[in-house]
Amino acid sequence: MRLFSILAAGCALAAAIPAAAQQHADRHANTAANTPAMQQALAADNRAEDRARDAWRHPAETLAFFQVEPGMTVADYMPAGGWYTRVLVPYLGAQGRYIGLTPDPAAADSERFGEYFGKLSGQLEDARGGWNLNGAPVSVHASQDLPEALKGSADRVLIFREMHNLLRSGAMYTELTRMRDLLKDDGMLGIVQHRAKADAPASYTTGANGYLREDDVVALVEAHGFELVGKSEINANPKDSADHEGGVWQLPPSLSGKNEALRAVGESDRMTLLFRKRA
């Protein structure tokens with residue numbers, strides 16, 4: 001019953017965002033995305049392979065919607081292969097700071113995820129040596145090893161397509177709490193996540209298929225000490241039915257089921273949400 005109450009509260013708060021405020025946020029995102037600093041970051045030589053995904057991931061518009069600006073301290077949660085790292089480091093610039101943040105293996109409720117989380121920091125450190133990025137200073141930390149001096153220092157924490165892993169691993173409480181501690185008092189949390197249909201069954205939205213219902217994500221994040229301040233359809237894809245039997249990985253770029261018909265769909269339909277740390 002407590003979960004249903006949380007979800008209902010989240011739905012009500014989400015509906016309360018004024019349309020005028022949302023339109024202002026979207027206009028700001030479209031303007032900020034065209035700054036010279038952003039365009040230079042996107043045009044960097046080391047993004048030659050990454051650019052094929054720009055049409056689906058909209059990095060300039062997404063970061064602008066999250067109000068990320070040069071000179072900020074930004075934590076990128078579970079950066080994986082560094083797709084957003086290669087945008088953020090040059091964009092944040094020498095006055096900024098990039099933190100690659102990985103989850104605590106002890107926070108997972110299964111051996112499988114504990115092992116997976118345990119490998120991420122090492123993989124990120126290894127990859128970092130080959131990125132050869134110029135711009136913001138880069139540091140890599142597992143959440144349980146965050147230096148005390150970094151707590152309360154981040155302007156933004158960003159989670160790209162990893163909320164389903166936090167949910168299905170059982171690590172959501174631990175990790176969102178630590179992200180909140182990392183943020184400044186006025187810091188914000190930006191989330192992009194594969195979006196299930198609003199009426200998708202609970203059996204499909206446990207995280208195992210990659211898709212989550214937007215109202216559930218809002219409610220869960222707000223229950224961990226944040227308030228929703230904006231939504232955007234920047235990363236929406238109406239062609240995605242969001243009900244693939246093998247989960248989101250049936251779509252590009254994974255195309256795990258080798259179904260060429262799904263290539264035309266493109267990447268998944270995604271929610272793009274911005275939250276503020278609540279006092």
Side-chain angles (χ1 to χ4, degrees), residues 1 3-15 17 22 26 52-59 61-62 65 77-78 80-81 83-84 108-110 112-113 116 158-172 175-176 189-224 228 230-275:
M1 290 299 293
L3 175 60
F4 291 136
S5 297
I6 291 171
L7 297 181
C11 294
L13 287 170
I17 297 175
Q22 188 61 57
D26 286 337
R53 307 261 63 82
D54 287 359
W56 302 107
R57 299 182 179 181
H58 310 98
E61 294 83 0
T62 299
F65 178 74
Y77 188 72
M78 294 177 70
W83 196 92
Y84 259 101
D109 61 10
S110 70
R112 172 196 170 200
F113 272 101
Y116 171 57
L158 307 178
I159 307 176
F160 296 105
R161 307 178 309 281
E162 294 291 354
M163 286 296 291
H164 60 286
N165 282 327
L166 285 179
L167 180 61
R168 64 176 174 159
S169 68
M172 184 173 289
E175 296 301 304
L176 286 180
L189 172 68
I191 293 175
V192 177
Q193 176 58 39
H194 312 295
R195 177 166 54 189
K197 300 302 182 185
D199 60 353
S203 59
Y204 192 78
T205 57
T206 61
N209 292 298
Y211 289 100
L212 301 177
R213 292 175 298 213
E214 186 171 304
D215 286 348
D216 292 354
V217 173
V218 171
L220 287 166
V221 174
E222 291 198 321
H224 286 80
L228 181 68
K231 297 181 179 184
S232 175
E233 292 299 300
I234 291 167
N235 295 299
N237 180 3
K239 293 182 180 179
D240 180 16
S241 62
D243 61 355
H244 312 291
E245 186 175 347
V248 70
W249 304 279
Q250 298 291 298
L251 293 175
S254 298
L255 211 67
S256 60
K258 309 301 181 185
N259 183 349
E260 287 297 321
L262 291 178
R263 192 180 296 277
V265 173
E267 296 194 14
S268 64
D269 180 49
R270 293 164 186 165
M271 63 187 87
T272 304
L273 309 172
L274 184 61
F275 298 84

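What you see below is based on every heavy atom in this structure, not just the backbone, and it leaves out hydrogens, waters and symmetry mates.
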* Measuring from Tyr116:OH to Asn165:CG, what's the distance to the nearest 0.5 Å? -> 5.5 Å
* Structure fact -> Heavy-atom nearest pair, Ala108 first then Ala171, reads N-CB, 4.5 Å
* Report yes if the side chains of Glu222 and Leu228 come closer than 4.5 Å at any heavy-atom pair, otherwise no. => yes
* Asked: Does any N or O in the side chain of Glu233 come within less than 3.5 Å of the main-chain N or O of Thr272, such that one atom is a donor and the other an acceptor?
  -> no
* To do: Could you pull out the closest heavy-atom pair between Gly207 and His164, with the gap in Å?
  => O-CB, 3.6 Å
* Asked: Less than 4.5 Å apart, any side-chain heavy atom of Val265 and any of Asn259?
  -> no
* Asked: What is the ring orientation for Tyr84 with Phe160, classed by angle as parallel under 30°, tilted 30 to 60°, or perpendicular over 60°?
  -> parallel
* Asked: Got a second to check how far Lys197's NZ is from Ser241's OG, nearest 0.5 Å?
  -> 7.0 Å
* **Test item: Glu245 and Tyr204 side chains (from C-beta on) under 4.5 Å apart, heavy atoms** => no
* Minimum-distance pair of heavy atoms, taken over all atoms of Gly247 and Tyr211 -> C-CE1, 4.1 Å
* Structure fact -> Shortest non-hydrogen pair, Thr205 vs Ala196, comes out as CG2-CB, 3.7 Å
* To do: Provide the closest heavy-atom pair for Arg57 versus Pro253 in the form atom of the first, atom of the second, distance.
  => NH2-CG, 3.8 Å
* If we only count heavy atoms from C-beta on, is the Glu175 to His224 side-chain gap below 4.5 Å? -> no
* Picking from Val192, Leu273, Leu220, Val221, what satisfies side-chain contact (heavy atoms from CB on, under 4.5 Å) with Met163? -> Val221
* Please round to the nearest 0.5 Å and tell me the distance separating atom CG of Leu167 and atom CG of Asp216. => 8.5 Å
* **Expected output: side-chain Arg213 to main-chain Ala200 donor-acceptor under 3.5 Å** => yes
* Indicate the atoms forming the closest heavy-atom contact of Pro252 with Gly266, along with that distance. => CD-O, 3.2 Å
* Asked: Are Trp56 and Leu251 side-chain neighbours, meaning at least one heavy-atom pair lies under 4.5 Å?
  -> no
* Does one side chain, of Arg270 or Ser268, offer a donor that lies under 3.5 Å from an acceptor on the other? -> yes
* **Side-chain (Asn237) to main-chain (Asp269) donor-acceptor, under 3.5 angstrom** => no
* Structure fact -> Here the gap from Glu214 atom CD to His194 atom NE2, rounded to the nearest 0.5 Å, amounts to 14.5 Å
* Roughly how far, to the nearest 0.5 Å, is the CG atom of Leu212 from the CG atom of Asp215? -> 12.0 Å
* Rounded to the nearest 0.5 Å, how far apart are CG of Asn235 and CZ of Phe65? -> 10.0 Å
* **Arg263 side chain reached by Leu255 side chain, heavy atoms, under 4.5 Å** => yes
* Establish, yes or no, whether the cationic atom of Arg53 lies under 6.0 Å from the six-membered ring centre of Trp83 and within 45° of the ring axis. => no
* **Leu189 side chain reached by Leu176 side chain, heavy atoms, under 4.5 Å** => yes
